[in-house]
Number of protein chains: 2
Amino acid sequence: MPRADAARNRRSVLDAASAELAAHGLDVSIARIAARAGVAKGTVFNHFPSKEDLVAEIFGDRVAGLVAVGEDLRDAVDPGSALLRFMTAGIELHANDRSFCEAAASISRADPRVRNASEGLAQVAEDLTGRARRAGVIRDDVTGHDIVLLFNAAAQAAAPLGDTVPDLWRRYLHLIFDGLRPEAARQLPVAAPTTEDFNTAARHAQASTRDQRTRNR
Amino acid sequence: MPRADAARNRRSVLDAASAELAAHGLDVSIARIAARAGVAKGTVFNHFPSKEDLVAEIFGDRVAGLVAVGEDLRDAVDPGSALLRFMTAGIELHANDRSFCEAAASISRADPRVRNASEGLAQVAEDLTGRARRAGVIRDDVTGHDIVLLFNAAAQAAAPLGDTVPDLWRRYLHLIFDGLRPEAARQLPVAAPTTEDFNTAARHAQASTRDQRTRNR
DNA sequence: ACCTGAACACCGTTCAAGT
DNA sequence: ACCTGAACACCGTTCAAGT
């Protein structure tokens, strides 16, 4: 049973971190977050063992929100527009949060919250993709993992101009989506990644950060 | 006229930085680079006013190399495969260099070397895209700027699995390329970015880094 | 003219001292 | 049981002292 002030501080830190990360990206200092939350720097580390862990918590929450959106869309009448709306929601996460873009590329799936959220995302993406595939609106060699990586790609494509042309990502989402249609499909040179691929990538990332810590001692 | 040892040191620093950045990404310390180059930390700053400047020099060189590849491809017999090979060369730059991915997303075009290289890239991309468009192999609403942003996107899509499935990017390159074909083309919701958009984005980036420096004083 | 390494202001993280 | 702020090892950057 946590103390009342501790629970309040935890929430303050999460809210402050959430806002600061969205506005300034992964490079915001813990000092800034602590100041915004009205606590001492040490208190942040009292609730979260490291900055990476704090980021993982927030990232996991955001992804879980996207999973919820996806689950609602599984019952939509039009499987094609449901898939497109799911991808749109995914990109909006990137567009509204500077740190989400950076974290999506760099975060380690070793953290269980990130891992759970990612697996939930893969699952719902596969559901939506399967429906669209069976309805014949997308080509039959595209998987849920592809979809997750591709809306990520659309967001990253537009990111360099994000402040100047705020909705440019819509252009690349639609361009990529046109590539998913059966009309233009040609044989792809490499197979879709498997769940196992994602897991071994997670293990590699974990090993490499451990190496880095060791090197610095 | 630079002193002989100074010229040699400059080269050593560039070579060391080039290798370390490719292997470990933008986060490598100047200390590591200096050690590899066999010089004192201060010597690095003697040749390059800041880490950002050193990165800009190397990034500009890499992009210039890609421009040269693109220029050779302008005379290729098949405009479609010339464009595809250009995009392939662009992604290979990302795949072989961890820092290139990160820099492509974060680097400021305020630096004249980056700016010149980027403008050269935009030019040659537009040449190749124009030929492919006139040959009817890609849709007519796609520009050279789109192409640059899109091969970037394909590289970023595959990056999370880069160590596990090294040639996964080929899958997304071809998937995106299929979206460029006229067969699947539908009206896009947002216009292509203009050169002016890239320039105002560069000015914004410059202003925001200046703010950050000021805030820290 | 350039190289060097000590010094500075920052960062994430730890921890003894408080309540 | 939790909060605090001083202390630590790192980082990029500066600069006086050397050659």
Side-chain angles (χ1 to χ4, degrees), chain A residues 1-17 20-21 24-58 99 102-103 106-108 111 209-217, chain B residues 1-17 20-21 24-58 99 102-103 106-108 111 209-217:
Chain A
M1 175 66 109
R3 235 164 59 181
D5 58 342
R8 213 178 331 115
N9 279 338
R10 199 187 132 90
R11 258 268 62 87
S12 301
V13 168
L14 276 173
D15 291 342
E20 289 290 331
L21 284 167
H24 303 294
L26 289 183
D27 280 345
V28 277
S29 69
I30 295 287
R32 246 183 106 90
I33 292 170
R36 180 169 185 143
V39 300
K41 246 180 6 169
T43 302
V44 175
F45 289 95
N46 211 322
H47 288 280
F48 305 95
S50 69
K51 185 182 181 180
E52 209 185 331
D53 185 273
L54 173 58
V55 171
E57 170 99 19
I58 290 173
S99 73
E102 301 165 21
S106 75
I107 208 166
S108 160
D111 185 283
T209 39
R210 184 159 15 85
D211 288 353
Q212 202 159 354
R213 267 202 305 276
T214 311
R215 178 170 7 104
N216 288 345
R217 278 206 210 105
Chain B
M1 175 64 112
R3 234 163 60 179
D5 58 342
R8 213 177 332 114
N9 281 338
R10 199 188 131 89
R11 259 265 63 87
S12 301
V13 169
L14 276 173
D15 291 342
E20 290 290 332
L21 284 167
H24 304 293
L26 289 183
D27 279 346
V28 278
S29 69
I30 295 287
R32 245 183 108 87
I33 293 170
R36 180 170 186 142
V39 300
K41 248 182 2 171
T43 302
V44 175
F45 289 95
N46 211 323
H47 290 280
F48 305 95
S50 69
K51 185 182 182 180
E52 209 185 331
D53 185 274
L54 172 58
V55 170
E57 169 99 19
I58 290 173
S99 73
E102 301 165 20
S106 74
I107 208 166
S108 161
D111 185 284
T209 38
R210 183 158 16 84
D211 289 354
Q212 203 159 352
R213 269 201 304 278
T214 312
R215 176 169 10 102
N216 288 346
R217 277 203 211 106

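Within every chain, numbering begins at 1; the chains are lettered A, B, ... in the order of the sequence lines, protein sequences first and strands thereafter. Heavy atoms only: backbone and side chains are in, while hydrogens, waters and symmetry mates are out.
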Please tell me which of the listed nucleotides, [options], lies nearest to the side chain of [X]?
{"X": "A/Lys51", "options": "C/dC2, C/dT13, D/dC2", "value": "C/dT13"}
{"X": "B/Ser29", "options": "D/dC11, D/dC3, C/dC3", "value": "D/dC11"}
{"X": "A/Arg3", "options": "D/dA1, C/dC3, C/dT13", "value": "D/dA1"}
{"X": "A/Asn46", "options": "D/dG12, D/dC3, C/dC2", "value": "D/dC3"}
{"X": "B/Phe45", "options": "D/dT4, C/dT4, D/dT14", "value": "D/dT14"}
{"X": "A/His47", "options": "C/dG12, D/dC3, C/dA1", "value": "D/dC3"}

Within residues 34-42 of chain B, residues whose heavy atoms come under 4.0 Å of DNA chain D: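 Result for residues 34-42 of chain B: B/Lys41, sorted by number.
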Would you mind reading off the distance between [X] atom [atom1] and [N] atom [atom2], rounded to a whole angstrom?
{"X": "A/Asp5", "N": "D/dA1", "atom1": "CG", "atom2": "C1'", "result": "9 Å"}
{"X": "A/Ile33", "N": "C/dC11", "atom1": "CD1", "atom2": "P", "result": "11 Å"}
{"X": "A/Phe48", "N": "D/dC3", "atom1": "CZ", "atom2": "P", "result": "11 Å"}
{"X": "B/Ile30", "N": "C/dC8", "atom1": "CD1", "atom2": "C1'", "result": "17 Å"}

Sugar-phosphate, base or nothing in reach of B/Val44, heavy atoms under 4.0 Å: nothing
